Amino acid sequence: MKIIILRILFGVIFIASCSDKMSFAPPTAPKHIHQTKIHGQEFIDNYAWLKHTTKNHPSEIIDYLNAENHYTSKMMEKTLSLRERIFSEMKSRLKESDESYPYQYKDYFYYHSILDGEQHRSYYRKDKNNNIELILDYNKLAKGSQGFSVKRREISPSQNLVAYTVDYTGSETYDLYIKNIKTGKTIETKLKNIFGSFVWGNDDQTIYYLKEDHSKRPYQIFKYDLNTGNEKLIYEDKDEKYYVYIEKSIFEDKYFIGSESYLQTEYHIMDLNDNISLINHRRKDHRYFPFESNEQLYILSNKDGENFAIYTCSKKCADEKDWTVLRAHNPDQYIVNISVFKTHLAIIFRENGQQYLSIRNKKTGNEKIVEFPDEIYSISMAENHIFTASKFRFYYESPITPYSVIDIDFETLEKTVLKTKDVPHYDKSLYQVKRLWAPSHDGKLIPITMVALKSLQQNSMNFLSLYGYSSYGANIDPGFRISLFSLVDREVVSATCHARGSSTLGMNWYMQGKLLNKINTFKDFISCAEFLIQEKYSSKKKISIHGGSAGGLLIGAVLNMRPDLFSSAVAQVPFVDSLNTMLDDKLPLTTNEYEEWGNPNDKEYFNYMKSYAPYENIKSQNYPHILAVSGLHDTRVGYWEAAKWVAKLREFNTSPNYILLKTEMEKGHAGAAGRYDYLKELAYIYAFILTYK
């Protein structure tokens with residue numbers, strides 16, 4: 001009887017007398033009192049019943065989510081033609097048939113291609129005589145699945161096989177398959193529902209793979225025999241803060257085993273006989289990363305400074321006291337990554353918010369910074385498998401410059417552009433990029449990346465889209481997104497706030513926006529909005545804000561703090577029920593993330609998290625239009641976080657603005673896998689932003 005009542009309640013529709021258009025009432029989520037007592041405090045969660053962590057969801061929850069989807073669909077009907085136009089624009093900027101520039105690995109050159117009308121890439125290789133072989137066709141693999149993803153694919157030592165891990169639900173749980181590239185035959189293995197990462201052993205019969213614990217933490221490495229199905233435990237980390245992974249060295253004569261948390265790392269070397277030796281023991285706040293050379297190890301470490309330095313040591317070094325400084329710590333330069341070659345190092349670092357590439361001669365120590373034409377740009381490492389190479393390959397792009405694959409000569413620094421992304425119907429000269437600096441509540445200057453039409457006047461009438469993330473030290477680098485121009489061409493100013501919690505200005509920038517400093521992230525974001533208003537890039541009620549996952553926590557927090565600034569908000573797979581999630585150590589990721597948010601079983605952290613947690617701090621006030629998007633199979637941020645948040649927002653919202661929930665019933669955290677489906681999702685969000693102003 002209860003289920004029948006709920007179905008009727010969730011499907012109520014009424015006709016408004018004030019208009020000839022139909023108006024639909026949002027679903028009303030029932031309240032069921034759920035009391036929690038911790039640290040002497042009691043608090044009530046009326047919507048806790050929406051949380052369900054198994055795959056078989058109760059019918060009343062599915063009914064409610066379907067009712068919310070029906071309501072959202074009705075409220076978004078008027079955006080249908082706009083969504084179709086935006087999708088058509090985005091699609092027109094795709095080169096629908098394209099292929100990547102090949103990279104060499106052993107005897108073959110590897111690349112991927114995609115054809116007009118295809119959602120996914122196909123992966124190929126060719127030999128030196130241009131004989132082409134199909135490795136994997138993702139379109140065939142993905143057929144019938146909306147949550148499809150491949151975590152990893154790797155060629156076997158003989159180069160005859162490819163192993164790959166596939167998820168079809170979006171839950172980020174993978175099965176491992178083996179395909180014979182020569183015959184095209186694919187076989188299943190016994191490795192089901194595993195973590196997606198793995199490496200081949202020293203032959204075509206051995207795989208090293210990872211097992212997860214109850215919280216989806218990869219914590220064990222097993223050696224698996226493909227012929228017999230036998231397996232053997234190789235390594236285990238019982239500390240719940242650490243993730244384990246394994247990778248093969250560039251010379252393929254050993255393996256690196258890493259245990260990594262948000263604040264510490266520890267590495268071991270394993271030889272081909274499974275003998276394991278420690279590089280350096282874990283200790284508080286020490287993060288280090290080993291890179292192999294022919295004669296020694298290169299180690300990126302923060303032992304002498306938070307922004308990292310580069311050290312060398314013998315391959316059997318087991319204590320950091322034996323490390324020799326190669327590139328000393330520079331407090332103004334945060335070293336992001338290095339790539340080691342026989343004669344040179346390629347080093348990517350950040351300074352004052354901008355990425356730089358430098359090339360260092362290993363013999364002389366001479367280091368040169370590479371110059372680029374754009375003032376604001378992004379660089380990242382491409383495939384570099386040849387240790388003896390005389391050139392370094394990388395990707396280069398800016399918000400208005402499509403990415404290029406570039407080789408740079410180690411000696412002359414001459415750059416050779418191998419391929420530039422072809423973007424039809426795009427004219428770079430129409431657009432501008434600016435780096436702005438917004439003063440925050442404590443005087444810190446927050447970097448903003450802004451993209452707009454050159455012809456757009458700087459005045460308060462402009463509509464502005466403000467994006468943010470700023471957690472885990474992750475950065476939103478200024479890369480090229482073809483989808484963005486469907487907003488910018490409509491005279492929308494696009495801005496990204498690089499608040500504390502990212503590492504845009506170095507590791508200290510990250511530390512100032514986590515744990516007991518997390519509120520800085522939200523105040524920085526609000527300061528970015530206020531600065532853009534003050535400088536007349538936009539005005540109050542003309543700013544739409546957007547964030548996903550931990551960026552959804554950011555959106556939820558600032559909506560509680562300053563809803564008056566914004567016209568609308570989009571929160572994708574939002575981490576908005578953060579306090580309750582961090583109190584549940586049975587959920588995936590929770591214990592590992594104590595180092596990011598704090599452990600609420602500690603009263604100090606509990607009180608601090610409770611002071612900003614989006615769900616806990618909803619109050620009676622005028623909220624702007626809100627769209628929350630979640631995935632039913634999301635194992636990172638449960639679908640119930642958005643559902644509970646929307647239900648409570650509607651209960652307390654005193655404005656006439658719409659609060660919408662869209663749950664993707666066949667997807668997970670990453671959303672759509674296919675390129676057209678992905679663009680349709682973006683078109684949906686952009687149409688909401690442009691319509692609900």
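None of these values were measured; they are calculated from a predicted model.
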Kindly determine whether F575 and W597 satisfy ring-ring contact (aromatic ring centres under 6.0 Å, His included), including the steps that lead there. CA-CA 12 Å; F575 184 41; W597 312 104; 5.5 Å; yes
Does any donor atom in the side chain of E306 or Y510 lie under 3.5 Å from an acceptor atom in the other side chain? no
Taking the ring centre of each residue, are Y103 and H385 less than 6.0 Å apart? yes
Just wondering, do L161 and I181 contact through their side chains at under 4.5 Å, heavy atoms? no
Please assess D167 against T169 for the test side chain to side chain donor-acceptor pair (under 3.5 Å), listing each intermediate value before the final yes or no. CA-CA 6 Å; D167 168 32; T169 67; 3.2 Å; yes
For residues 257-269, pull every pair meeting salt bridge (Lys or Arg N to Asp or Glu O under 4.0 Å), keeping only residues two or more places apart or in separate chains. E260-R287, E266-R282
Are S293 and K342 close enough that a side-chain donor and a side-chain acceptor fall under 3.5 Å? no
Under 4.0 Å between a Lys/Arg side-chain N and an Asp/Glu carboxylate O for R350 and D477? yes
Test of understanding: with ring pair (Phe, Tyr, Trp, His ring centres under 6.0 Å), list the residues that count as partners of Y219, not counting sequence neighbours. none
Do other residues, nucleotides or ligands put more than 12 heavy atoms under 6.0 Å from the CG atom of N227? yes
Checking D304 now: which residues fulfil salt bridge (charged side-chain N to carboxylate O under 4.0 Å, His left out) with it, not counting sequence neighbours? none
Taking the six-membered ring of Y608, is NZ or CZ of K518 closer than 6.0 Å to its centre and within 45° of its axis? no
Is the shortest heavy-atom distance from the side chain of K248 to the side chain of K254 under 4.5 Å? no
Pair Y224 and Y208, ring centroids less than 6.0 Å apart: no
Could you tell me if the side chain of V573 sits less than 4.5 Å from the side chain of Y639, heavy atoms only? no
Just checking, any donor-acceptor pair under 3.5 angstrom between side chains of D237 and S259? yes
Answer yes or no: are there more than 12 heavy-atom neighbours, outside K106 itself, under 6.0 Å from its atom NZ? yes
With rounding to the nearest 0.5 angstrom, report the CD1 to OH distance, I155 to Y164. 12.0 Å
Do K192 and Y177 meet the cation-pi criteria used here (NZ or CZ under 6.0 Å from the six-membered ring centre, within 45° of the axis)? yes
To the nearest 0.5 Å, what is the distance between CG on D225 and CD1 on I207? 10.5 Å
Are any of the side-chain nitrogens in D577 or K51 under 4.0 Å away from the carboxylate oxygens of its partner? no
Taking D274 first and then K223, would you say they form a salt bridge - that is, a charged N and a carboxylate O separated by under 4.0 Å? yes
Any side-chain donor-acceptor pair under 3.5 Å between S503 and N475? yes
Are D634 and R636 within salt-bridge range, i.e. N to O under 4.0 Å? no
Should the pair K126 and Y111 be classed as cation-pi, given the thresholds of under 6.0 Å to the six-membered ring centre and 45° from the axis? yes
Counting only heavy atoms not in R125, do more than 12 fall under 6.0 Å of its CZ? yes
Measure centre to centre between the rings of F148 and Y138, then say whether the value is under 6.0 Å. yes
What pairs with E320 under salt bridge (charged side-chain N to carboxylate O under 4.0 Å, His left out), at least two apart in sequence or on another chain? R283
Looking at F392 versus H344, is the centre-to-centre ring distance below 6.0 Å? no
Using distance alone, with no hydrogens and no angle criterion, decide if K140 and S122 have a side-chain donor and acceptor under 3.5 Å apart. no
Could you go through Y472 and Y262, starting from their C-alpha distance and side-chain angles, then the distance that decides it, and tell me whether this counts as ring-ring contact (aromatic ring centres under 6.0 Å, His included)? CA-CA 8 Å; Y472 308 107; Y262 290 115; 5.4 Å; yes
Regarding R153 and the six-membered ring of Y123, is the cationic atom NZ or CZ under 6.0 Å from the ring centre and inside 45° of its axis? yes
Is any side-chain heavy atom of I310 less than 4.5 Å from a side-chain heavy atom of I299? no
Looking at residues at least two apart in the chain, or sitting in another chain, which of them share a side chain to side chain donor-acceptor pair (under 3.5 Å) with N230? T228
Give a yes or no answer on whether the side chain of K362 reaches the backbone of F341 with a donor-acceptor pair at less than 3.5 Å. yes
Sequence neighbours left out, what pairs pass ring-ring contact (aromatic ring centres under 6.0 Å, His included) with at least one residue falling in residues 291-315? Y311-W323
